[in-house]
Colleague: 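What follows is a single structure, and I will ask about it in a moment.
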Amino acid sequence: MKGPRVYAAAGRLLRGQAVWGRALSGILLMGGALLGGGAVAQEQDAGGIPDIIVTAQRRAQSVQDVGLSVSVLSAGDLATHHVTSVNDLQNMTPGLEVTNAFGGGQPQFRIRGVGFNDYASNNTPTVGVYVDEVAYPLPIMTQGLVYDVDRVEVLRGPQGVLYGRNTTGGAINILTANPTDSASAGITADYGSYDAAKVEAYVSGPVSDTVKVRLSAMTQQGGAWQTNRLTGQDLGNANRTAVRAKIDWAATPDTDVRLNLHYGRDLSDGTGGYLFNPAVQPGVGTLPADTDPSKTGWGLSPAFAKVIGADPNAKPFRNNTSGGADLTVLHRFEDVTLTSITAWEALNRKEFNDWDATAYRDADEYFNSRAQDVSQEVRLASSGAGRLQWVGGLYYSHETLREAFLSDFTDIYGFIANTRYAQTAESISGFGQADYAVTDRLKLVLGLREEHEDRTLRTFSTITIPDTGIGVSADKVPTGFTQTTGKAGVEVKVTDEALLYANVSRGVKSGGFTAYNTLALGGLAPFRPEVLWAYEAGVKSDLANHTLRLNASAYYYDYHNQQVQSVIIDPTFAAIGKIVNAPRSEIYGAELQADWAPRPGLLITQALGLSHGEFKEFNAVDTAASLATCYPCRPVYTNQAGEDLGFPRITYNGGVSYDWALPGHTLKTEADYSYRSSERSLLGSRYNVAGYWLVNAAVTLAPDQGPWTATVYGQNILDRRYDLLRNFFTNADIAIPGRPATWGIRLGYQY
């Protein structure tokens, strides 16, 4: 029974949850007197820092008038920082982290330490991702290209009284560019290190008196910087393409209709890990640790290739297609606006990863997923002047997922594990928020949400190839919840330039299922929803004639039934990896923000986030002690109260830009930097992830009157070696490295 025991215990090795370290001295040296953050979403002008208009509360407002913690990134910010996916936002936003599990296609989101670690595809994230107000309910659906974007809004803290999905960590709103009133077009081409290339283009304008259209597309190619340690074959080339069509129709003077059609294809290489410790392969040999993080390895056995329908010589790959359509209808009554959003989103995913980073068949993984979500939102919002402003609506969502997840464990356990299942989730909710201005300086805010969800795991099975007689199946496992969440807040305009706010909010994240390989029915028992009570207070201010913007916030999170990676003990199969609920945790921290424009053309931005979290009540399984009781195996628990939750204590972002006036031209010089403190892993000290700094720079030349721009840029210009995560699967200790220094040129033309 040794093979099955080890295989079943493998799930517990995948937690990868990190804990914080210390690097505050470096932060203070870099931060100087300006601590804080918030990207400027518009170009600076001679009058200081301009207003940034957001729709974070479902209506257009200055970001300085919104009583919550939000970061806004403009199209220019995204271009400067080479943001092509939602994952890239983490180096621009304090408190946000996005790490792909084992370098694969499953992102793990975290804001202010509120996150969820899971390498399967079937569970909802703690951070909601929206594109043009349409929710993407499964994390794997968020990995398409980000292009032709107007702005991105990152909201911190529980969301639900204004948004389609209920989340505990926050929300990322991506607002793409809309059709223009006059004809316009543009193209941007980018070429850099490792033959990385990117082209983005759009054309926009009216086609009749009542119809406007915008067509946009983007392709990303090349960029492989990793190589096979044995053969020298490269790995990491991008091959992604996406297109979008937005059609606006002014159906009547009071009715607007918008149709959004989009499609994407990803045929990129996978991401490889490197061995930071020697890999011992029983009966085969030992590979030494890699001294160069760009080295990796992979191997696809003929038997596994046949099962998954791939070429035996294939590298780690993705073969994913995504697409969708959404229809927004907006009708203006006298003092009320009615909005309807009908959406359909789908993803077909075929992805092969090598999680042991060697040619051995110890942990070769393949995902074949088909996911789709149909949603309908209807809301009414006040549109007239008055002390009372409100919005309320209904939201419905039906999501389906069908997935095959195969693992080649031939060299270590003697079989291929084949897990297949389907999952459905249906939710319906009513939500609303009212803001009442008691006086011109005092505003009260109240929001409520009532939500019901049914989630069902269907036709689950795990078998082995060849058949060892070991496996588990379940026809139907249901879970669900009915929850009331909400928000209460107060906002005080101390002066026209200073806002004080305080909020109490309650958020809920759906429960779900541990759907990766399991050998016992106990592993399929659903975990419960988690609930987060958030208490936050802050200040927003524009000072020195709008040349200095200072914002600060402090928060305390009371976490109930937090969903964490752990194990359960089965009498026969020993330790089985499973997501469980920790009864009580807490997180507290603060964020400081500053944008400073001391003179025309000069802008300095800084962002600092400090956070700490720990378990307050959690008796976790002590795996080693439990395995010592076998057979039959009995669980032995250890009290985790006071143990760190496992996220960086410090996140920091800053930047400086200056516009130089040249004859007939402007030369814009920019530098930005970010820092994440070290993480101490619950798996042991050898899986700690060291803190790291990243520094980027760019120089852009543009005529004062002309359609073109030319940029020379560098990313990670200090060529910092750093790891995004460290973990192990079976016998291999692997790390997923960050990209080395890259350089390039970007040319743009618009008319």
Side-chain angles (χ1 to χ4, degrees), residues 7 10-11 13-16 85 87 98-108 117-122 139-140 142-143 224-229 233-240 266-276 279 290 293-301 303-305 307-320 347-369 403-412 416-419 515-517 577 723-738:
Y7 163 60
L13 309 179
L14 303 172
R15 289 178 292 176
S85 74
N87 303 29
V98 190
T99 303
N100 282 36
F102 287 92
Q106 170 71 0
Q108 300 173 148
N117 292 334
D118 184 20
Y119 66 87
S121 310
N122 63 309
I140 56 171
T142 68
Q143 297 298 281
W225 62 277
Q226 294 182 288
T227 58
N228 189 302
R229 68 175 68 86
Q233 187 179 13
D234 61 21
L235 182 70
N237 277 317
N239 183 359
R240 305 182 183 97
D266 187 352
L267 298 174
S268 304
D269 292 347
T271 299
Y274 74 92
L275 301 172
F276 65 87
D290 293 312
S294 70
K295 303 303 180 185
T296 186
W298 62 85
L300 186 56
S301 71
F304 195 57
V307 171
I308 67 176
D311 186 330
N313 298 315
K315 299 185 290 185
F317 65 81
R318 296 178 184 176
N319 182 359
N320 303 340
L347 170 74
N348 292 334
R349 175 194 184 200
K350 296 180 179 179
E351 180 177 338
F352 164 60
N353 298 299
D354 194 312
W355 286 354
D356 58 68
T358 73
Y360 302 129
R361 287 87 182 206
D362 282 1
D364 299 344
E365 312 297 325
Y366 178 74
F367 294 87
N368 188 342
S369 316
E403 182 165 76
F405 170 41
L406 294 97
S407 304
D408 191 351
F409 296 137
T410 303
D411 282 348
I412 190 168
I416 295 169
N418 184 350
T419 295
Y516 45 76
N517 300 327
D723 294 335
L724 298 172
L725 63 86
R726 288 189 168 197
N727 211 319
F728 68 100
F729 205 109
T730 62
N731 284 332
D733 289 339
I734 70 166
I736 303 301

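Since the structure is predicted, the reported quantities are computational estimates derived from the model, not experimental observations.
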Colleague: So how far is it from R726 CZ to D733 CG, rounded to the nearest 0.5 Å?
Modeller: 9.0 Å

Colleague: Measure the shortest side-chain to side-chain distance between S369 and L347 over non-hydrogen atoms and say whether it is less than 4.5 angstrom.
Modeller: no

Colleague: Can you tell me if R349 and S121 form a side-chain donor-acceptor pair at under 3.5 Å?
Modeller: yes

Colleague: Is there a side chain to side chain contact (heavy atoms under 4.5 Å, CB included) between N122 and E403 once you walk through the steps?
Modeller: CA-CA 9 Å; N122 63 309; E403 182 165 76; 5.7 Å; no

Colleague: Go through the structure and list residues passing ring-ring contact (aromatic ring centres under 6.0 Å, His included) with F367, not counting sequence neighbours.
Modeller: F405

Colleague: Which residues satisfy the side chain to side chain donor-acceptor pair (under 3.5 Å) test with S301, sequence neighbours excluded?
Modeller: D408

Colleague: Mind checking the CG-CZ spacing from D364 to F409? Nearest 0.5 Å is all I need.
Modeller: 9.0 Å

Colleague: Do D266 and N239 come close enough that some side-chain heavy atom pair is under 4.5 Å?
Modeller: no

Colleague: Could you state the interatomic distance from CG (N100) to CG (N353), rounded to the nearest 0.5 Å?
Modeller: 9.5 Å

Colleague: Output, in order, the C-alpha distance, side-chain angles, deciding distance and verdict of salt bridge (charged side-chain N to carboxylate O under 4.0 Å, His left out) for K315 and D234.
Modeller: CA-CA 9 Å; K315 299 185 290 185; D234 61 21; 3.4 Å; yes

Colleague: Do N368 and I308 touch side chain to side chain, with heavy atoms closer than 4.5 Å?
Modeller: no

Colleague: Side chains of Q143 and N320: does their closest heavy-atom pair fall under 4.5 Å?
Modeller: no

Colleague: Nearest heavy-atom pair of P737 and W225: which atoms, and what distance?
Modeller: CG-CH2, 3.6 Å

Colleague: What closest approach, in Å, do G272 and I736 show between heavy atoms, and which atom pair accounts for it?
Modeller: O-CD1, 4.2 Å

Colleague: Can you check whether A224's main-chain N or O pairs, donor with acceptor, with N237's side chain at less than 3.5 Å?
Modeller: yes

Colleague: Less than 4.5 Å apart, side chain to side chain, heavy atoms only: is that true for F352 and L300?
Modeller: yes

Colleague: Side chains of R318 and L267, heavy atoms from C-beta outward: is any pair under 4.5 Å?
Modeller: no

Colleague: Go through Y274 and D723 one step at a time and tell me if the side chain to side chain contact (heavy atoms under 4.5 Å, CB included) criterion holds.
Modeller: CA-CA 10 Å; Y274 74 92; D723 294 335; 2.9 Å; yes

Colleague: Check whether any side-chain heavy atom of R361 lies under 4.5 Å from a side-chain heavy atom of F304, and answer yes or no.
Modeller: no

Colleague: Looking at every non-hydrogen atom in both residues, tell me the closest pair between A238 and S268 and how far apart they are.
Modeller: CA-OG, 3.5 Å

Colleague: So do P139 and Q108 actually touch side chain to side chain, heavy atoms under 4.5 Å?
Modeller: no

Colleague: Over all heavy atoms of both residues, which pair between G273 and A357 is shortest? Give the atoms and the distance, please.
Modeller: O-CB, 3.3 Å

Colleague: Do you know which two heavy atoms are closest between A101 and Y119, and how far apart they sit?
Modeller: CB-CB, 3.7 Å

Colleague: Measure the OG1-OH distance between T410 and Y360 for me, rounded to the nearest 0.5 Å.
Modeller: 14.5 Å

Colleague: Determine, stepwise, if the pair I734 / D356 fulfils side chain to side chain contact (heavy atoms under 4.5 Å, CB included).
Modeller: CA-CA 7 Å; I734 70 166; D356 58 68; 5.7 Å; no

Colleague: Can you tell me how far the CG atom of L235 sits from the OG1 atom of T227, to the nearest 0.5 Å?
Modeller: 9.0 Å

Colleague: Short question: side chain of S407, backbone of E365 - any donor-acceptor pair under 3.5 Å?
Modeller: no

Colleague: Atom CD in Q233, atom CG in N313: separation rounded to 0.5 Å?
Modeller: 8.5 Å

Colleague: Can you check whether L406's main-chain N or O pairs, donor with acceptor, with N418's side chain at less than 3.5 Å?
Modeller: no

